[in-house]
Amino acid sequence: MAQEAINLQEVFKIIKKRFALIITILVLSMTIAGTFSYYYLTPIFQASTQILINQKEFDQNQFSSQDINTNLQLINTYNVIIKSPVILSKVIDNLNLKTTPELLNQQIIVSSEQNSQIVNVRVEDPDLQEAVEIANMTAKVFQEEIIALMNVDNVSILSPAVFTKDTLPIKPNLILNVGIAAVIGLMIGIGITFLMEYLDTSIKNEQDIGELLGLPILGLISPISNKYLKKTKEPKSLHRKRAKNLV
């Protein structure tokens with residue numbers, strides 16, 4: 001325990017000695033991350049619409065686990081169809097988008113809550129207006145095409161995407177990026193501090209001498225203070241007096 005306490009004290013001593021360096025690296029890392037996130041990363045907006053799947057109603061007396069699995073499979077199937085090239089190609093044509101179904105697929109996120117008939121379609125795009133249009137058009141095309149694809153008419157648009165000027169981008173997350181940069185900067189600062197301490201072979205005190213020579217220290221010769229020398233220095237008048245007596 002004593003050795004651990006000594007090592008811990010040495011660690012804090014090293015950090016304290018180069019505390020200014022650690023803080024400088026920390027602030028520099030946060031500044032770079034904040035500046036890069038704010039000025040150089042493209043803001044990404046998100047628009048979402050909700051689709052209601054009108055599942056078939058079952059008689060409670062005949063309702064079974066197989067019916068539940070059937071409904072879940074239906075929802076999962078619809079989630080795949082929404083992002084299929086059949087739907088996205090028509091979305092691109094209707095909106096005259098300069099993209100491909102593969103690239104548009106990467107912008108769309110489809111999800112549904114467990115045991116829910118509602119499917120959420122979220123679209124991410126640097127242009128908020130375009131994100132809203134893509135989300136609504138995707139839902140509209142899916143509603144129209146599902147009749148031919150599945151031979152059913154059970155899709156309704158529950159909540160279309162709406163454009164609002166006050167909408168904030170979801171990316172980049174400035175606070176998150178600065179926080180990550182702070183952690184990384186702190187780790188780099190501490191790492192550099194201990195590396196500099198390890199590479200520093202200069203002798204600063206009697207402990208360094210003992211560790212270098214591997215010998216115990218028997219005594220120390222303290223330096224004589226300049227103030228003490230000034231006090232003990234004889235004045236010139238006393239020197240002249242002594243010279244006259246000698247003559």
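Remember, predicted model here, so these are calculated numbers, not experimental data.
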(request) Step by step, work out the side-chain hydrogen bond (donor to acceptor under 3.5 Å, both in side chains) result for Asn154 and Tyr78. (result) CA-CA 11 Å; Asn154 61 346; Tyr78 281 8; 3.0 Å; yes
Considering all heavy atoms, the nearest [X]-[Y] contact:
X: Ala47; Y: Ala135; answer: O-CB, 4.2 Å
X: Ile25; Y: Gly189; answer: CD1-CA, 3.7 Å
X: Ser29; Y: Gly185; answer: OG-CA, 3.4 Å

(request) Run through Leu104, Ile134, Ile87, Leu103 and flag the one making a side-chain contact (heavy atoms from CB on, under 4.5 Å) with Ile92. (result)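 In the set Leu104, Ile134, Ile87, Leu103, the residue that makes a side-chain contact (heavy atoms from CB on, under 4.5 Å) with Ile92 is Leu104.
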Quick one, [X] and [Y] - any side-chain contact, counting heavy atoms below 4.5 Å?
X: Leu158; Y: Ile51; result: no
X: Lys140; Y: Pro160; result: no
X: Pro169; Y: Ile44; result: no
X: Ile15; Y: Phe194; result: yes
X: Ser112; Y: Asn79; result: yes
X: Val152; Y: Ile147; result: no

Mind checking whether [X] and [Y] sit in one hydrophobic cluster, side chains of I, L, V, M, F, W, Y counted as touching below 4.5 Å?
X: Leu26; Y: Met196; answer: no
X: Ile53; Y: Val110; answer: yes
X: Phe142; Y: Val121; answer: yes
X: Leu95; Y: Phe163; answer: no
X: Val119; Y: Leu74; answer: yes

Let me confirm one number: the [atom1]-[atom2] distance from [X] to [Y], rounded to the nearest 0.5 Å.
X: Ile118; Y: Ser156; atom1: CD1; atom2: OG; value: 11.0 Å
X: Leu41; Y: Leu174; atom1: CG; atom2: CG; value: 9.5 Å
X: Ile82; Y: Leu88; atom1: CD1; atom2: CG; value: 10.0 Å
X: Ile184; Y: Leu186; atom1: CD1; atom2: CG; value: 11.0 Å
X: Ile188; Y: Leu21; atom1: CD1; atom2: CG; value: 11.5 Å
X: Gln107; Y: Leu97; atom1: CD; atom2: CG; value: 8.5 Å

(message) Can you list, by chain and residue number, the hydrophobic cluster partners of Ile32 when the side-chain cut-off is 4.5 Å?
(response)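 Leu28, which link up through side-chain heavy atoms under 4.5 Å apart, make up the rest of the cluster.
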Is the backbone N or O of [Y] less than 3.5 Å from a side-chain atom of [X], with the two atoms forming a donor-acceptor pair by type?
X: Asn173; Y: Leu176; value: yes
X: Lys83; Y: Ile108; value: yes
X: Thr167; Y: Thr164; value: yes
X: Asp125; Y: Glu130; value: no
X: Thr49; Y: Ser159; value: yes

(request) State which residues pass side-chain hydrogen bond (donor to acceptor under 3.5 Å, both in side chains) with Glu145; sequence neighbours excluded, sorted by chain then number. (result)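 Residues passing side-chain hydrogen bond (donor to acceptor under 3.5 Å, both in side chains) with Glu145: Lys90.
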(request) For Lys171, enumerate each residue passing the salt bridge (Lys or Arg N to Asp or Glu O under 4.0 Å) test, keeping only those at least two apart in sequence or located in another chain. (result)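 By the salt bridge (Lys or Arg N to Asp or Glu O under 4.0 Å) rule, Lys171 matches Glu124.
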(request) Could you list the residues that satisfy side-chain contact (heavy atoms from CB on, under 4.5 Å) with Val27, not counting sequence neighbours? (result)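 For Val27 the side-chain contact (heavy atoms from CB on, under 4.5 Å) partners, ignoring immediate neighbours, are Ile23, Thr31.
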(request) Kindly write out the residues that satisfy side-chain contact (heavy atoms from CB on, under 4.5 Å) with Gln143, not counting sequence neighbours, or none if the list is empty. (result)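 Gln143 satisfies side-chain contact (heavy atoms from CB on, under 4.5 Å) with Val155, Ile157 only.
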(message) For the CD1 atom on Ile175, are there more than 12 heavy atoms of other groups (residues, nucleotides or ligands in this structure) within a distance under 6.0 Å?
(response)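 Counting other residues, nucleotides and ligands, CD1 of Ile175 stays at 12 neighbours or fewer.
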(request) For Ser48 and Asn120, test the side chains for any donor-to-acceptor distance below 3.5 angstrom and give the result as yes or no. (result)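 Not at all, the side chains of Ser48 and Asn120 share no donor-acceptor pair under 3.5 Å.
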(request) Applying ring pair (Phe, Tyr, Trp, His ring centres under 6.0 Å), name anything that partners Tyr198, two or more places apart in sequence or on another chain. (result)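 Counting only residues at least two positions away or on another chain, Tyr198 forms no ring pair (Phe, Tyr, Trp, His ring centres under 6.0 Å).
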